[in-house]
Every structure is written in C-alpha cells, then in structure tokens.
There are 2 protein chains.
Amino acid sequence: MTVVTTYRQDALPARGNAGRMGTVTAASATRGRESKSRERRDQLAESALVTLGQLGYARTSLREIAQNSPFSHGFVHYYFADKTELITYCVRHYKRQCVTRYDTVVSESATAAELVERFADELVETIEQEAPMHRLWYDLRTQAMFDPALRPDALAIDATLQDMVARVLERYAELDGRSLAVPVAVAYPMLDGVFEQALLRHLSGVPDALTTLRATACTLLPRLLRVR
Amino acid sequence: MTVVTTYRQDALPARGNAGRMGTVTAASATRGRESKSRERRDQLAESALVTLGQLGYARTSLREIAQNSPFSHGFVHYYFADKTELITYCVRHYKRQCVTRYDTVVSESATAAELVERFADELVETIEQEAPMHRLWYDLRTQAMFDPALRPDALAIDATLQDMVARVLERYAELDGRSLAVPVAVAYPMLDGVFEQALLRHLSGVPDALTTLRATACTLLPRLLRVR
DNA sequence: CCCAACTCTTGACAGTCGTCACGACCTATC
DNA sequence: GATAGGTCGTGACGACTGTCAAGAGTTGGG
C-alpha cells in the first residue's frame, strides 16, 4: 500500500473553492471567500485543538471534533480533505501562538538572574495553563516516529521551539557576559526532556512536579554557560 | 462512563485457569499449567511487541497482533482480559530485558574515558538495533499523559530507566574521582530528551543523527560532574 | 478407553470509524 | 425575482474495532 501525500496551501480549503474559481467571478469576491474560508478553518481548528488536547491524537474522531464544535461532521470534510490535513493544520495553527511564549521574558529581563527566574516561572505557568496542548504536541511528535506523513511538521515545529529556546539562552548568556557551553541543538533537547518529564509527572498527580521543574531550571541554566 | 480497572497478577491468565482450579486437581499439574500459561503469554507478548513497534500503540489492533503470530485472535482474549492488559504486560516484558542494557558498560569499563566512549557507543547501537522498541516506549509514555490507566506503568518504567542511568553515572563519577553535579533525577530526563530527539531524527532519515548523538553524549557526560 | 477439563478457533455481534453522495439552505449576480 | 453556485447538514456505506459465545480439538486422569 503506497500513500501519496500532496501538500496543500494552508489558505485553500479542501474542496470548497479549491478548484478553478477565478474564471468569471470578480477577484474581490474571490478574496472575500478566501478570507472567510480561512476564518472557518481557523474556527474549526480552534475548537478541534481543545478536543485533541483532551483525548489525544488517536482517540479523537472527526465526529467528536464536530460534536464539540458548532458545526456538523460533514463540515469538517468540506474544509479539510483528510484527517491528517486537519491535524497538521491544527498544530500549525497552535504553533504560531506558541512561539511568542517566552518573548517578554527575553525582552523585559534586565539581569541574568531575573531572566532565569522568569524563565522558570514561565515554564511552570505553561504547564499549569496549557498542559493539554503540550501533551498533544508530544503525542504528535511521537506519532511522527511511526507515520512518515507527520515527520516534516514535527521536525519543523521542533526547529521552531529550538529557535525559541535559542533566543532565551543567547540573551541569558549576553546578560551574564558569558558564552554558551553547549550548542543550542544540545541544550534544547535537554530542556525539552526535563519539561516533558515534568509534564507527565504533573498530569500523573505527582505533587511537587512543578516546583521540582522550577528548581531544576534554575540550577540547570547556569550550567549551560561556560565557566568564567 | 466509569471504568473500573482491576489489577491482575502477571502469572494468571485472563480467563484460562483463573477461576477456582485447585479443587480436586493435583498441585503439580496446576503448577505445570501455570508455567505453560505464562509461557504462552510470553510467546504472544514477544510477537505482539514486534507488531506494536512497527505500527504504534493506537494503530495496532488485536487482530493484527494475532495475524503476525502463530495464534488466532481469540487466543489473545483467552490469555488477556483486555487490550490494555496485553499492552502493559508486553511493556513489562520488554522492560525486563531493557534494564540490563548498559550493565556491561558499567562493569567492564576501567577508566572514566572508556566508560564515556562505550556508553556513547551503546546509545547509538541501541537506536540502530531497537528503534521500533524505543518509539513504542515513547508512545506508551505519551499515551499515559492521556490515559490514567497507563500512568503507573509509565512512571514505573521511567523509574527503572532512571536507575539504569544512575548506575552508569555513579560508576562514571567514581572512576573519575569526582561527584555528580546534578542529581540523577535531573540528569536522566536530560539524557532522555537528547536520546528521544536523536531517535526521531534517525527515524526521519536525518543522516548524521546518530553521530551527533554520540558526540553529544561525549561532551555532555563530563559536564555532569562537579568541576574539580 | 472414556470422560471431563483445558485449550484454542471460528464466527458473529454491536459499535465506531473515515468517507462520500445527495439535497436543502443561503447568497449574490444578472 | 429567477437562477446558478457556494455552503453546509443528513444519512448511509463499507471497513474495522474490541468483545464474546459456542463449539471443535487436545490432553490427562480414572
């Protein structure tokens, strides 16, 4: 069984106005349709992300997504050709808002010590507020180990998250007047592993999972800089 | 919908001789049956682990497991009451043989430098030889974030793996005459994150994923010890 | 040698899944 | 205001799932 994966533009619906559409119609009307179409897709993605975060990738059916949204299950297949197309669109949609998570920490911290503290706080707060979202991300990344169709997205998001960590660490090094002891490509998986473990333990009801995460971050970050 | 989870002994089959059986039968025959029952369960687990490693937790059906084994799909339900019972039994079965993975590295390395080299080699070899097994483990751990029934097993296996890493690192510190700079509870998630990232990249066809893993391990381990 | 218990296979049931065709509704254009 | 096309809900199909009942096949004890 061979699977042919075709890349589709994010803005174009699956079957809606996907075909030839600018034949006679005015360009303005087409643009109006396109924007409305994207709007619908984003509405559905927003709703689907909640369900996906609750149930996980495998247990979430298209019907369940539709049921937890103001739309019907036929609506889903009108705007998305496939289940995987919906999923990847949802995760890309989530990615956009996730990247800016630590930007204020980077821009507002005046000293290295302050940056560490605020970074650790933000780590904890992220789990407290968006634990379902993050387990969904880990779910997708793990499924990418099995399904080749998910790998480009998983690797791309990983790269984006690594860039996010890079901005934090490089600003931290700059504030402290030192340089990074390990490349970001090493530091990111390390921090990610610590974060993932804390997420699992937090979801499992381990009481001090988040306080441990905070302490770990505070002791770990200084060790990522070169000894003076 | 409430789900009642009942813990079952590993040695007892689901419905086979699980009921009252030692009424008139000789105890020796009962023991013989028990051992044969466990043998059957292990045979099925061995076969199921291959399928699970190929398809992943969600995509693997009981029929698929049976089809890739010399047994029928009814056989599965004769020895295992539930799908989750089969899965957890399989993973426990795998856990037993995984723990001893780095024991020779610990016992045979004469110097700290040799231990680092052999540990890094073993990391790479593990991915090369048992990538499907490890993505299955990551799959199960991620599913535990959603399904509470899997959490005890996931946390238990994580603890076992952490103990394994602890034996390596403590021996490494001993050989080098230094002490660990970070507790093992921090070092394990770090190394696990690096390993997980390398596994994903290796499965995704990134060419230098394993050589990068090896280099990372060699530079990371010395940084886990206190400065002299 | 027979009978009973154990072992395992076959077949089927109820439910859910992704997918799609059909038709109703709405909107805008002539 | 008729009409064509975009938009979306309803219903159904086929495939697949976990689960279980019923009955063959096998084994061992009397």
Side-chain angles (χ1 to χ4, degrees), chain A residues 1 3 12-41 43-44 47-48 51 55-67 69-87 149, chain B residues 1 3 12-41 43-44 47-48 51 55-67 69-87 149:
Chain A
M1 181 180 60
V3 177
L12 294 180
R15 219 174 323 145
N17 0 358
R20 48 181 172 72
M21 78 179 124
T23 51
V24 194
T25 330
S28 64
T30 302
R31 250 189 302 275
R33 271 195 235 289
E34 272 186 13
S35 73
K36 183 173 184 181
S37 173
R38 151 120 55 161
E39 190 180 327
R40 289 289 194 201
R41 286 160 72 89
Q43 282 179 21
L44 185 58
S47 178
T51 306
L55 300 178
Y57 174 69
R59 273 174 286 272
T60 303
S61 67
L62 295 183
R63 282 178 166 80
E64 188 79 25
I65 290 177
Q67 217 158 11
S69 81
F71 311 108
S72 68
H73 71 272
F75 181 92
V76 180
H77 242 77
Y78 181 74
Y79 280 104
F80 296 94
D82 212 323
K83 184 184 180 180
T84 60
E85 185 187 326
L86 170 63
I87 303 288
Chain B
M1 179 180 61
V3 177
L12 293 180
R15 218 173 323 143
N17 1 2
R20 44 177 177 75
M21 78 179 125
T23 52
V24 194
T25 330
S28 64
T30 302
R31 252 190 299 275
R33 271 195 235 289
E34 271 186 13
S35 73
K36 183 172 185 181
S37 173
R38 152 123 52 164
E39 190 180 327
R40 289 291 194 200
R41 286 160 73 89
Q43 282 179 20
L44 184 58
S47 178
T51 307
L55 301 178
Y57 174 69
R59 271 175 287 272
T60 303
S61 67
L62 296 183
R63 281 178 166 80
E64 189 79 25
I65 290 178
Q67 216 159 12
S69 81
F71 311 109
S72 70
H73 72 271
F75 182 92
V76 180
H77 241 78
Y78 182 73
Y79 280 105
F80 296 94
D82 212 324
K83 184 184 180 180
T84 60
E85 185 186 327
L86 169 64
I87 304 288

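So that the names make sense, note that chain A is the first sequence line, chain B the second, and so on, each numbered from 1.
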**Student:** Between C:dT9, D:dG9, C:dG18, which nucleotide has the shortest distance from any of its atoms to the side chain of A:Ser72?
**Tutor:** D:dG9
**Student:** Using the side-chain heavy atoms of A:Tyr79, tell me which of these nucleotides is nearest: D:dT7, C:dT19, C:dT9.
**Tutor:**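 Side chain of A:Tyr79 sits closest to D:dT7.
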**Student:** Report each atom pair, protein N/O against N/O of nucleotides 23-27 of chain C, whose distance is under 3.5 angstrom.
**Tutor:**
none

**Student:** Quick one: list whatever passes side chain to side chain donor-acceptor pair (under 3.5 Å) with B:Arg63, sequence neighbours left out.
**Tutor:** none
**Student:** Is B:Phe75 touching bases, backbone alone, or none of the nucleic acid, heavy atoms closer than 4.0 Å?
**Tutor:**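 It contacts base atoms.
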**Student:** So for the helix from C:dC1-D:dG30 to C:dC30-D:dG1, with five pairs setting each end axis, what is the inter-axis angle to 10°?
**Tutor:** 10°
**Student:** Under 3.5 Å, which protein N or O atoms sit close to an N or O of nucleotides 24-27 of chain D? Give each pair with its distance.
**Tutor:**
none

**Student:** Which value, rounded to the nearest 0.5 Å, describes the distance between A:Gln67 atom CD and A:His73 atom NE2?
**Tutor:**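 Result: 10.5 Å between the selected atoms.
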**Student:** Within the structure, does a side-chain N or O atom of B:Tyr78 lie under 4.0 Å from either OP1 or OP2 of C:dC8?
**Tutor:** no
**Student:** Which heavy atom of B:Ser47 sits nearest a heavy atom of B:Ser69, and at what distance?
**Tutor:**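 Minimum heavy-atom separation between B:Ser47 and B:Ser69: OG-CB, 3.2 Å.
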**Student:** Heavy atoms only: give me the nearest B:Lys83-B:Tyr57 pair and the separation to one decimal.
**Tutor:**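 That would be NZ-O, 4.0 Å.
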**Student:** So, for B:Ile65 and B:Leu86, which heavy atoms are closest and what is the spacing to 0.1 Å?
**Tutor:** CD1-CD2, 3.7 Å
**Student:** Going by side chain to side chain donor-acceptor pair (under 3.5 Å), name the residues that satisfy it together with A:Thr51, two or more places apart in sequence or in a different chain.
**Tutor:**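 Applying side chain to side chain donor-acceptor pair (under 3.5 Å) to A:Thr51 gives A:Asn68.
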**Student:** Could you measure the distance from the CD1 atom of A:Ile87 to the CG atom of A:Leu62? Nearest 0.5 Å is fine.
**Tutor:**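 It is 7.5 Å, given to the nearest 0.5 Å.
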**Student:** Nearest whole Å is fine: how far is D:dC8 C1' from A:Leu44 CG?
**Tutor:** 13 Å
**Student:** Would you indicate which nucleotide in C:dC8, D:dG9, C:dG11 comes nearest to any side-chain atom of B:His73?
**Tutor:**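 Among C:dC8, D:dG9, C:dG11, the one nearest the side chain of B:His73 is C:dG11.
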**Student:** For nucleotides 13-17 of chain D, list the nitrogen or oxygen atoms of the protein found under 3.5 Å from its nitrogen or oxygen atoms, one pair per line.
**Tutor:**
from, atom 1, to, atom 2, distance (Å)
D:dT17, OP1, B:Ser61, OG, 3.1

**Student:** Knowing that exactly one of B:Arg40, B:Glu39, B:Arg41 qualifies, which makes a side chain to side chain contact (heavy atoms under 4.5 Å, CB included) with B:Ser37?
**Tutor:**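 Among B:Arg40, B:Glu39, B:Arg41, the one meeting side chain to side chain contact (heavy atoms under 4.5 Å, CB included) with B:Ser37 is B:Arg41.
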**Student:** Angle between ring planes, A:Phe75 versus A:Tyr79, binned at 30° and 60°: parallel, tilted or perpendicular?
**Tutor:**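 Tilted, since the angle between the ring planes falls between 30° and 60°.
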